Structures are given as structure tokens and as C-alpha cells.
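Report on the following structure.
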Amino acid sequence: MSIVNSIIDNDFYKFTMQFGVTKLYPDVKARYKFINRGEHKFPDGFAKVLQKEIDAMANLALTKSEKEFFAKNCPYLSPAYLDFLQGYRYDPSEVIITQNGSDLEVEVEGYWYRTILWEVPILYLISELYYTLTNAERISNAEVIERTSNKVDLYNRLDVTVAEFGTRRRHSYEVQDVVVQELKNHSGKSFVGTSNVHFAHKYDVKPIGTHAHEWFMFHGARYGFKIANSISLDRWVKVYYGDLGIALTDTYTSDVFFGQFDKKLSKLFDGVRHDSGDPIEFGEKTIAHYQKMGINPLFKTIIFSDGLNSEKVETITNSFKGRIGLSFGIGTNLTNDTDLRPMNIVMKLTEISSFDIPWTGVVKLSDEKNKHTGTERMISLAKEMLNLDDIPGHDAPIND
């Protein structure tokens, strides 16, 4: 049996961005590339097994029940988009997989509105197959449930809201299923939903998410780094008219973001998401920004989502509770807390093109050292344009 059995076994923000792309940029093409940050060694034959799973995804289709779930819970997704999604099929020819010894390469190319859905399934397939083919033994489901229960007890005591964000680096479908079921059954007041639309549908909870770095990376490459944040958010408002109002802050560093997050955008968006760098420093910076704009921070929210565990959640809560709205998106610590080393893997947008522009590299300048992505040339250009020549580190170039 194939690992992926639902076309909506994916992060919600992939569908929300896909709607935006179909509406605004239907002629844009995109390239993605797998980055093995953890330098994991893949066993012989891994690429062949992964290819078989990718090929099987061509048979997936949106069911009537899944479409009705979207229509009921996401009224901002138009009926035309849901009809499009019902007719959408994965095309495995868009994915190129190669293996040289223990090194795995995966690349995706095609129209952005189509290829945007590949990233998350490819990552969780690589993760689950890696543990299976290396015969790695995890803790039991009962232990997973106990650990999840203990975490929920803490979050309830802290009186904070938590969403499950662990699809892309989950140990396996089974572990994520067990975790989300326990979160739902043992939730108290803290658990508010999951980024995984399939599990949101299965357990009748809220799908959580807005947009990812690639939305901003595209606009930076297409229109210029200096206006990337502002035009990305303006276009988001054009698509959603005030819904899905949490803005991602760190595509070109949070300092640059807040410099472009003017009063109009600060009032329009419900809050911001933290995804790299020191969370305490970010929280203080966010509060100061809203105060500077004459906005009461208690009317806004920060979604913290960077490598969280229970201790980090407690520290952040103690620092900011009563000063600004708080919520947490917790990923690997929920869906891959199995006594095995979680995989450190990502799949990034690398280039975009359209009828009027050739293939152009995209850039991400994280708040965290060594997590920038792009070619040396494009990273240097972005730093120069944004006056960020002193920010440290970047990943190895991901395209030439």
C-alpha cells in the first residue's frame, strides 16, 4: 500500500498559496530542489523506492467529502478553485530523482500552480522511507501518546494555544495520526488545529496556515528585493481580503520585514509568524514595532513556529504572556519525538520564470546563521540591495 493515500495529506498553506498562484500567476514556472542539511546517508535503492511512491501519487484525487470540508471550513477558497483542485492530478514527470552512492538528489520543475504541492509530500516520504529502509526502531505508539499527553497538559497549564505543524518532518503517517488523535482527544483548551488538511478533515479540527517563504521569494525575484515583503503582503490581501492574516517575517530578515511592514499592513494583518532567530529578541522587536505604529500589541498575535519544544514554549510564554497575543505551531517535537534522530531536510524553491522573464534565482535570507538559500551571486545581490552585507552565513548554493 502506498504511503500517500489522500491528495490533501499536505500542509494547508500549500493550498492557500496554490489558490493565490492560480489567481495571480498562472503562467509562472518554478523549480525546487531537495537540500539534505543533515547530511543523511541514504541506503542503496532508496531513489527507486521513492520513485515508486511518487509515481503512485498520480492516482490521488480530491474526494467529495474532502471538497465539502474545504467549502465548509475555508469559505475564502473560491468554488472555482475547489473545482480546479478536484480535477488536479500529480504529474510524476515533474519530479526528477537521482542517487549517487548514499547521496540523494530530488528536483521538481513545472508550472508553479502545479508544482507547489510537491514539496511537503516529497519531504515526508523521504523521512518515512529513510526510517523504514534503515530499519530504525522507534518508541511504541503508547509511548508517543504518553509524551503527547504530557505536552498537552503543560500547554493547558500555560493557557496557550497550540497547533500541530509537523507534516514535513514527521516520522511517519502512523505517528502523525496517533499524535493528532491524542491532541484532539486530550486537548483541553490548548489544541486549536493542524497544518495537515487530511488530518484536519479526519479529526474534524481546523486547518491552520497562511503562506510560506516561497511566496515572498517569488515576489523578490520577480519585482525586486526592496519591495518583496510589501508587495507579497499586498497581493495576499488582494487574494484573501483580510482572511488568513498572519504574515511570515523572515524571508529577508525580520529587520527588513518590519521596515516594510507599514501602518496599513500592520493594521490589516492579525499578526506575524516567527520562524528563525532568537524568539525572545523577535518578540520584543514585534511589540516595539506595534507600539511605534500606535497599535496595542494585545490586539495582535505572534505565532512562534521555529523548532519548538515544551521548554521553549514555556520560556516564550513567561516572557510575553499579557503583553501580546501568543500562539505556537509545533512540528518535529510532536510528530518525530520517537527517540530517533529527526531528519534535517528541506525542499526549497530555487528559480522562477515567466513569459517575460528568463529563469531567475530566488533568495531567502534567514534570521538564523547558515540558513540562507540561493546562489552565492543572488545572495550577495540581495544583501547589497537590502544593505545587509554584514549578516553571516548561508547554505551551500542550491542552483548555479
Side-chain angles (χ1 to χ4, degrees), residues 11-32 76-77 81 112-113 115-116 119 209-277 282 285-286 289 293 300-303 305 329 348-354 356-357 360-367 371-374 378-379 381-383 385-388:
D11 277 337
F12 183 51
Y13 64 34
K14 283 296 179 176
F15 299 104
T16 59
M17 289 191 297
Q18 185 184 50
F19 175 42
V21 174
T22 60
K23 193 171 183 178
L24 301 179
Y25 308 115
D27 56 354
V28 170
K29 292 184 178 181
R31 288 172 175 163
Y32 296 80
Y76 37 78
L77 297 177
Y81 169 69
W112 193 20
Y113 75 86
T115 56
I116 198 168
E119 174 191 355
T210 53
H211 45 239
H213 295 105
E214 67 182 285
W215 183 257
F216 297 81
M217 293 162 74
F218 161 76
H219 287 95
R222 182 67 177 84
Y223 299 106
F225 300 117
K226 287 191 173 184
I227 62 169
N229 287 306
S230 56
I231 195 171
S232 297
L233 296 179
D234 277 332
R235 296 292 169 88
W236 193 255
V237 171
K238 184 176 181 180
V239 174
Y240 286 106
Y241 299 96
D243 283 313
L244 302 180
I246 297 295
L248 183 59
T249 57
D250 70 331
T251 308
Y252 302 104
T253 76
S254 59
D255 285 338
V256 169
F257 174 87
F258 284 118
Q260 300 175 350
F261 198 47
D262 60 22
K263 179 172 282 191
K264 182 188 78 170
L265 292 171
S266 296
K267 287 192 170 185
L268 278 175
F269 280 80
D270 301 321
V272 297
R273 180 159 73 92
H274 169 263
D275 198 50
S276 66
F282 177 85
K285 189 182 300 181
T286 304
H289 172 80
M293 294 290 153
K300 299 295 181 178
T301 297
I302 302 176
I303 310 292
S305 63
K348 288 295 182 183
L349 180 70
T350 60
E351 295 176 271
I352 57 98
S353 74
S354 189
D356 60 342
I357 58 170
T360 302
V362 301
V363 172
K364 173 175 174 277
L365 303 177
S366 173
D367 281 334
K371 290 185 74 172
H372 307 331
T373 53
M378 291 301 292
I379 288 172
L381 177 61
K383 288 181 179 181
M385 294 295 293
L386 297 170
N387 297 317
L388 294 173

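From a predicted model like this one, the values you see are computed outputs, not experimental measurements. By convention here, the first residue in the shown sequence is residue 1.
Each of K348, K14, R222 was checked for a salt bridge (Lys or Arg N to Asp or Glu O under 4.0 Å) with E214, and the lone residue meeting it is K14. Each of V362, V28, T360 was checked for a side chain to side chain contact (heavy atoms under 4.5 Å, CB included) with F218, and the lone residue meeting it is V28.
At least one side-chain heavy atom of I302 sits under 4.5 Å from a side-chain heavy atom of F282. Between D11 and E119, the closest side-chain pair of non-hydrogen atoms is not below 4.5 Å. Between D262 and L265, the closest side-chain pair of non-hydrogen atoms falls below 4.5 Å. Side-chain atoms of L233 and F261, non-hydrogen and from C-beta on, do get closer than 4.5 Å to each other. Counting only heavy atoms from C-beta outward, the side chains of V239 and L24 approach each other to under 4.5 Å. Looking at H211 and T16, their side chains never come closer than 4.5 Å, going by heavy atoms from C-beta outward.
The number of heavy atoms from other shown groups lying within 6.0 Å of NZ (K226) does not exceed 12.
Here the closest heavy-atom approach between residue V272 and residue T286 is recorded as CG2-CG2, 3.8 Å. Counting all heavy atoms, side chain and backbone alike, S276 lies closest to D250 at OG-OD2, 2.5 Å. Smallest separation of non-hydrogen atoms from A228 and H219: O-CB, 4.1 Å. Closest heavy-atom contact between L386 and L365: CD1-CD1, 4.2 Å. Taking both residues in full, the closest heavy atoms of Q18 and Y113 are given as NE2-O, 2.8 Å, listed atom of the first, atom of the second, then distance. In this structure, L349 and M217 approach most closely via the heavy-atom pair O-CE, 3.5 Å.
With hydrogens and angles disregarded, no donor-acceptor distance shorter than 3.5 Å links the side chain of K29 to the backbone of E351. Although no hydrogens or angles enter the test, the distance criterion places a donor-acceptor pair under 3.5 Å between the side chain of T350 and the main chain of R31. Formation of a donor-acceptor pair under 3.5 Å by the S305 side chain with backbone atoms of H274 is found in this model. A donor-acceptor contact shorter than 3.5 Å is absent between the side chain of S230 and the backbone of Q260. Between the side chain of W215 and the main chain of S232, a donor-acceptor pair closer than 3.5 Å is present.
The NZ atom of K300 sits 8.5 Å away from atom NZ of K267, with the distance rounded to the nearest 0.5 Å. For the atom pair CG of D234 and NZ of K264, the computed distance is 4.0 Å after rounding to the nearest 0.5 Å. Atom OG1 in T249 sits 6.5 Å away from atom CG in D367 (nearest 0.5 Å). Note that OH of Y252 and CG of N229 are 7.5 Å apart. Values are rounded to the nearest 0.5 Å. Interatomic distance, CZ of F225 versus NZ of K383, reported as 12.5 Å (0.5 Å rounding).
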Take F15 and Y81 through the test ring-ring contact (aromatic ring centres under 6.0 Å, His included) and record every step on the way to the result. CA-CA 10 Å; F15 299 104; Y81 169 69; 7.5 Å; no
Going through the checks in order, is the side-chain contact (heavy atoms from CB on, under 4.5 Å) test met by H372 and V363? CA-CA 7 Å; H372 307 331; V363 172; over 6 Å; no
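Using cut-offs of 30° and 60° for the angle between ring planes, the Y240 and F19 rings count as perpendicular.
For F257 and F216, the distance between ring centers is not under 6.0 angstrom. For an aromatic pair to be called close, the ring centres must be under 6.0 Å apart, and Y241 with Y76 fails this. The six-membered or imidazole ring of F269 lies away from that of W236, with a centre-to-centre distance of 6.0 Å or more.
A cation-pi arrangement is found for R235 relative to Y223, the charged atom lying closer than 6.0 Å to the ring centre and inside a 45° cone about the ring normal.
Under a 4.0 Å N-O distance rule, the pair R273/D275 qualifies as a salt bridge.
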